[in-house]
Number of protein chains: 2
Amino acid sequence: MNSSPNIAEIASLIGEPSRIAMLVSLLGGKALPAGELAGAARISPQTASSHLAKLVEGGLIIQESYGRHKYFRLAGSEVAHALEALQAIAPAKPVRSLRESDRLKALQYARTCYDHLAGQVGVALTDKLLELKLLEKSGEEFVLNASGKMKLQAIGVGVEENAKSRRHFARPCLDWSERRHHLAGSLGAALTRRLFELGWIEKLPGNRAVRVTDTGWEGLSEQFGMTRLPR
Amino acid sequence: MNSSPNIAEIASLIGEPSRIAMLVSLLGGKALPAGELAGAARISPQTASSHLAKLVEGGLIIQESYGRHKYFRLAGSEVAHALEALQAIAPAKPVRSLRESDRLKALQYARTCYDHLAGQVGVALTDKLLELKLLEKSGEEFVLNASGKMKLQAIGVGVEENAKSRRHFARPCLDWSERRHHLAGSLGAALTRRLFELGWIEKLPGNRAVRVTDTGWEGLSEQFGMTRLPR
DNA sequence: TTCACACTTCGATCATAACCGAAATGTCTC
DNA sequence: GAGACATTTCGGTTATGATCGAAGTGTGAA
């Protein structure tokens, strides 16, 4: 019917509740085994297997075998970007249970978004970078200026090697919970990686939620003048 | 099940061939009446009506009534952006007929992408802007520098008022046919609007395809040193 | 008022695909 | 090799939703 590339196929692949649940789990950036993904989507392993095969076929995820386990991860940042773009136009979903509500609050507070930091903390950090004039807006895009480069290098973020990579360097990413932008792209990923290395943030057992440690708040306050955000 | 916003709902809304056909038609940026959208998707008016109601309900399109006609248009540039992001990860679709093939070639040559210029011509123009150092890449983002601003103002593109708008100013947009970036965002839209005003490009009867006029080639050659691209 | 037209609502049909039980395949441990 | 475990294949059931014919609503023109 339609001459453009096959969006319908890819979108209907994404538009299935169980598959979305699995894709969202993979948005954390980690590779996960089939069984765990089945659990996340609350479906039987057989059904999950069928869905995963379709997602691989469609090029959305990539499969790696380790012994009797099969691990799956997102096929790349373009896929994550498409999921983010969909999140940005998706209506908020009503919360069902108290447990859900707690999980949701944790996610809204701080989480990883594929490979960079999002949620209240992510947005606040991005705001501070802008406020301190380390990062600038060019139109609606972010640009890291000379003092920003120095500052980030000082705390050990590899800036130079990332600037060369083909991927978007300092892309803004629309936060679904805050409805405001946070820092994404390879710079956002490098910064977030460093925050983990420094022990300033750490993953919570739940899927993508993140906690800022006490030393983390000290560091963020010292380096960027951030004050501890109320939960 | 899942705590994040309701991507599944929105994606399954998008992931239906007839609805995609209608959304892609609306990517041209114009508002279209229900009947025309039904024709584009090759479905009966009843079916189209049902689909359109769902799209409105889902917030993807907006409805305006003029007398006994109802016009529909995309709800905003976020929706267009999400569709583009999906296009970027969608596999190319096999071509069916000769007529299709012609239509496809016209689209690949030059078309509007929501509100800016895409296809071979769009990518070539963006390349020229970069080559002439009017536009620069910052990481993977575009920035319009001082000489670029002057040049575009000289041919009548309203640059200042756009820089202030909340929308992305000079976003790169991945071209599905060329697999390379062209200029999007509010600057891309303003430039394209001006090209229409100048009569350098004009819409072809088919949906989104665009033709470069003879005066258009003259102007593009004079202003940006572009040579006529073979079809 | 009458007709034509654009669109919507209702109802029934039909195709698709999500789902799981049962059984098979493959891999690791003992 | 035996048994446990992760994943897949097969088959049959079932729910969902896309589709269109027929009839209804609302608008504009004659």
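Letters A, B, ... are given to chains in the order of the sequence lines, protein chains preceding strands, and every chain is numbered from 1.
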Please state how far atom CZ in A:Arg42 lies from atom C1' in C:dA18, giving the value in whole angstrom units.
18 Å
Interatomic distance, A:Arg19 CZ vs C:dC19 C1' [rounded to whole Å]:
13 Å
Would the base of D:dG21 count as contacting B:Gln46 through its side chain, where contact means a donor and an acceptor less than 3.5 Å apart?
yes
Residues two or more places apart in sequence or in another chain: which of them pass side-chain contact (heavy atoms from CB on, under 4.5 Å) with A:Ser12?
none
Testing C:dC7, C:dC19, D:dA6 for proximity to the side chain of B:Lys70, the answer is C:dC7
D:dA18 phosphate, OP1 or OP2, under 4.0 Å from B:Thr47 side-chain N/O
no
Side-chain ion pair, A:Lys70 and A:Glu64, N-O less than 4.0 Å:
no
Please give, in whole Å, the distance from D:dT8 P to A:His51 NE2?
13 Å
Taking the side chain of B:Ile43 as heavy atoms from C-beta outward, which of C:dA6, D:dT19, C:dC20 is closest to it?
D:dT19
With a 4.0 Å cut-off, would you call B:Lys54 and B:Glu57 a salt bridge?
no
If we only count heavy atoms from C-beta on, is the B:Glu16 to B:Ile20 side-chain gap below 4.5 Å?
no
Quickly work out the A:His69 NE2 to C:dC28 C1' distance and round it to whole Å.
9 Å
Could you check which of D:dC20, C:dA18, D:dT19 has an atom nearest any side-chain atom of B:Glu16?
D:dT19
So does B:Lys30 pair up with B:Glu36, basic N to acidic O under 4.0 Å?
no
Regarding the side chain of A:Ser49, the nearest nucleotide among D:dT9, C:dC7, C:dA18 is D:dT9
Hey, does the side-chain of B:Arg68 have a donor or acceptor N/O within less than 3.5 Å of a partner on the base of C:dC7?
no
Atom CG of A:Leu37 and atom P of D:dA6: how far apart are they, to the nearest Å?
14 Å
Check whether any side-chain nitrogen or oxygen of B:Ser50 sits under 4.0 Å from OP1 or OP2 of C:dT8, and answer yes or no.
no
Between C1' of D:dA18 and CD1 of B:Ile14, the distance in whole Å
18 Å
